[in-house]
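For reference, the structure discussed in these notes is given below.
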There are 2 protein chains.
Amino acid sequence: MELDQRKLQILRAIVDEYILSASPVGSKALSRGGMKWSSATIRNEMADLETLGYLAQPHTSAGRIPSEKAYRLYVDQMMQRAHLSDEESKLLYGYFREHVHGVDAVLRSTAKALSEITHYTAVVMMPDIGVNRLRHLQLIPLTIGKALAVVVTDAGVSQNTVIDIPEDIGPEELDRISKAITARFSDCRMSTVSSKLVRELGGELSARADFVESLLARLCESQSSDRRMVELSGATNMLEYPEYSDVNKAKTFLATVEQKDDMYRMLKKASNMEFTVTIGSENEQEGFQDCSVVTASYRVNGTPVGSFGVIGPTRMDYARVLSILKNVQTNLGTVLQSFLKEE
Amino acid sequence: MELDQRKLQILRAIVDEYILSASPVGSKALSRGGMKWSSATIRNEMADLETLGYLAQPHTSAGRIPSEKAYRLYVDQMMQRAHLSDEESKLLYGYFREHVHGVDAVLRSTAKALSEITHYTAVVMMPDIGVNRLRHLQLIPLTIGKALAVVVTDAGVSQNTVIDIPEDIGPEELDRISKAITARFSDCRMSTVSSKLVRELGGELSARADFVESLLARLCESQSSDRRMVELSGATNMLEYPEYSDVNKAKTFLATVEQKDDMYRMLKKASNMEFTVTIGSENEQEGFQDCSVVTASYRVNGTPVGSFGVIGPTRMDYARVLSILKNVQTNLGTVLQSFLKEE
DNA sequence: CTTTAGCACTCCGTTTGTTCGAGTGCTAAT
DNA sequence: ATTAGCACTCGAACAAACGGAGTGCTAAAG
């Protein structure tokens, strides 16, 4: 069933109001606040909207609050995108001017920027190294039997992994192996590096084929399990909102958000989409049943390599958040590109 | 003025009880709970203890709670060290068995272990790289004008820094410079590396003296300002305690604990001492006025290189925490030593 | 002189009652 | 179809009442 124009207007007014006040909005308040119908009319419509599932009543004789269905409709069709003030976008831009050393630093500062500007919680996933191309591999001796493997990709992302090495390999040989691998696999996608046949290689590498194979396998595996792949910022911002004035709710939220594996999975999944908005129970995470997650992906050279997002109460200011994400998305794109100026 | 035996016993009982219950303890409860004096006697003693500053009354006709002075006395003289059950120390040991790859990983898992076992908040500082000796420096090209500097010290700690490089340096030269620096400064303390005169060097390095100097300076400077130098775990544990059932208190605590710079400074300062116990207002941090911080230092080759600690409410179980820290200290010592088996 | 029983008093946390305001649904009039 | 009016409902906020745990003081007992 379609909602007529009036129902839509009323619904929108309710959502707008609720986003601001966080308390149930009633018919009188609405009609006083610039609606062109009387409270009674609005009341009737509200009753209809309730049976249609767009509104809910905490208890009889309270105002209505929007249901998730309402937010969905709001986000998909009714919301008009806010545009940031010059001030804000300048502020945002500032975050990207400052930390220009290294992709990691940029993404970390992105998380901080997002959480500080939105006042919600921000998560940023480090770029999925798998889709990038290897630029440099360096093995550095640590102790007998252990070395540090540093991988640098064409997107300028680096990653350290501690690996086991045969005890009879010396520093010079490690260096030669590093160079050989770099030469051989340079510009290969990381995800395909390990699957390529190592045996077919001649020279330096074939003598250590077993080791090299396990090394490459380890690199790919550790990449995905690294806890540091998600940057989190402003988790405690949520304590500002009445939704979380109950310590227990706050606790479950914080616990959820600290599950970096889950956060990573969530963002990874979202990185195929330009934007996503996931409302309340649409979230898979237990602890996000009362929140919404808005994400945007970021690209390098046209391919999406990661995403970032904002987590807030379901009544978050979607329009504003989306504008901010969009802004950050372009900023981020520019900055990341600048790391690749040599082509 | 000295406290007589009875006063001491009563005070100790009050502290013990308050640590458990978190609510003011009264004279009747005490005398019923195994004290050999009547409630009236205890009451008189309590009145004395209050005028002496060891106890405080939230309001007339409430029980007494220990003052900071009382905790101080308790920690310094009255507390008998708890000893961990076999189960617990085995559990603890398990944390160290698992993650044996890399100092960073070990310390991260230390933080986790501490917070999970104590149920308080744990902080661990990464070893102060300054007192360690350089083992390896590797420069890896990132883009034009930028490179990644990886430093490995004799304690097995690694550190990445993105640095600017002159645009005309190619990969091969970077590699040569890396090797030259490694050869020249190997086994020098990191803190002295930069102050050594670079100009006096011949060969490869002298041609790039300016660059090398700024590089070394950068390495030392970035080391101390790196936010990642502190590992935090279990910050949300504090929400379990009635002291933090007020969301605002929780918020200020969490905000404080997330100031990694401050945490680092705190731990750094404590790393000269085997153990420290800092109670309530003895803490410098604004947000720790209602907490206590207990720290222990850890050593490599006899020199203290860092410390770790537990933050809890002032009424935390000091005896237990200290035992755990002591246990962790030895475990950690063993593990870190194992990274140095080659001497 | 020290300890303890007894008593009056204090104060908090909780419960119970009351009021007030905002909101609702329904009906009848426009 | 809309709206004014009315009776009703419910929760938040405030106040009074109560019970319990604890105290300080005094006087008696050891």
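Order of the sequence lines fixes the chain letters, A, B, ..., with proteins taken first and strands second; residue numbering starts at 1 for each chain.
In this structure, A:Glu50 places its CD atom 15 Å from P of C:dG23, rounding to the nearest Å. The CZ atom of A:Arg43 sits 16 Å away from the P atom of D:dT9 (whole-angstrom rounding). Rounding to whole angstrom units, CG of residue B:Asp48 and P of C:dT3 are separated by 11 Å. If you take CG of A:Asn44 and C1' of C:dG25, they are 9 Å apart, rounded to a whole angstrom.
A donor-acceptor contact shorter than 3.5 Å links the side chain of A:Ser297 to the backbone of A:Met273.
Of the two residues near DNA chain C, B:Thr60 and B:Glu45, the one whose nearest nucleotide lies more 5' is B:Glu45.
From B:Glu45, atom CD reaches atom CD1 of B:Ile14 across 10.0 Å, with rounding to the nearest 0.5 Å. Atom CE of B:Met79 and atom CG of B:Asp317 lie 9.5 Å apart (nearest 0.5 Å).
Within the 4.0 angstrom heavy-atom criterion, only backbone atoms of the sugar-phosphate kind lie near A:Ala62; the bases stay farther away.
For the side-chain contact (heavy atoms from CB on, under 4.5 Å) with A:Asn283, the qualifying choice from A:Thr256, A:Ile311, A:Thr278, A:Asp290 is A:Thr278, the only one to do so.
Not a single donor-acceptor pair, N or O on each side, falls under 3.5 Å between the base of D:dG22 and the side chain of B:Arg32. Donor-acceptor pairing under 3.5 Å, judged by distance alone, is absent between the side chain of A:Ser38 and the base of D:dT3. Side chain B:Ser61 to base D:dT23: no donor-acceptor pair is found below 3.5 Å.
A salt bridge does not link B:Lys112 with B:Glu231: every distance from a Lys NZ or Arg NE/NH1/NH2 to an Asp or Glu carboxylate oxygen is 4.0 Å or more. Under the 4.0 Å criterion applied to side-chain N and carboxylate O atoms, A:Arg320 and A:Glu88 are assigned as salt-bridge partners. Note on B:Glu282 versus B:Arg72: salt bridge recorded, some NZ/NE/NH1/NH2 to OD/OE distance being below 4.0 Å. Checked for salt-bridge contact, A:Glu284 and A:Lys269 meet the test: a charged N lies under 4.0 Å from a carboxylate O.
For A:Arg64, counting side-chain heavy atoms from C-beta on, the closest listed nucleotide (C:dT4, C:dG25, D:dT23) is C:dG25. The side chain of B:Thr41 lies closest to C:dT4, out of C:dC26, C:dT4, D:dT3. The side chain of B:Arg6 sits closest to C:dT3 out of C:dT3, D:dG5, D:dT2.
Contacts between residues 11-30 of chain A and DNA chain C, defined by a heavy-atom separation below 4.0 Å, involve A:Gly26, A:Ser27, A:Lys28, listed by number.
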Under 3.5 Å between N/O atoms: give me all the protein pairs with nucleotides 27-30 of chain D, atom names plus distance.
none

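A cation-pi arrangement is absent between A:Lys249 and A:Tyr244 under the rule of less than 6.0 angstrom and at most 45 degrees off the ring axis.
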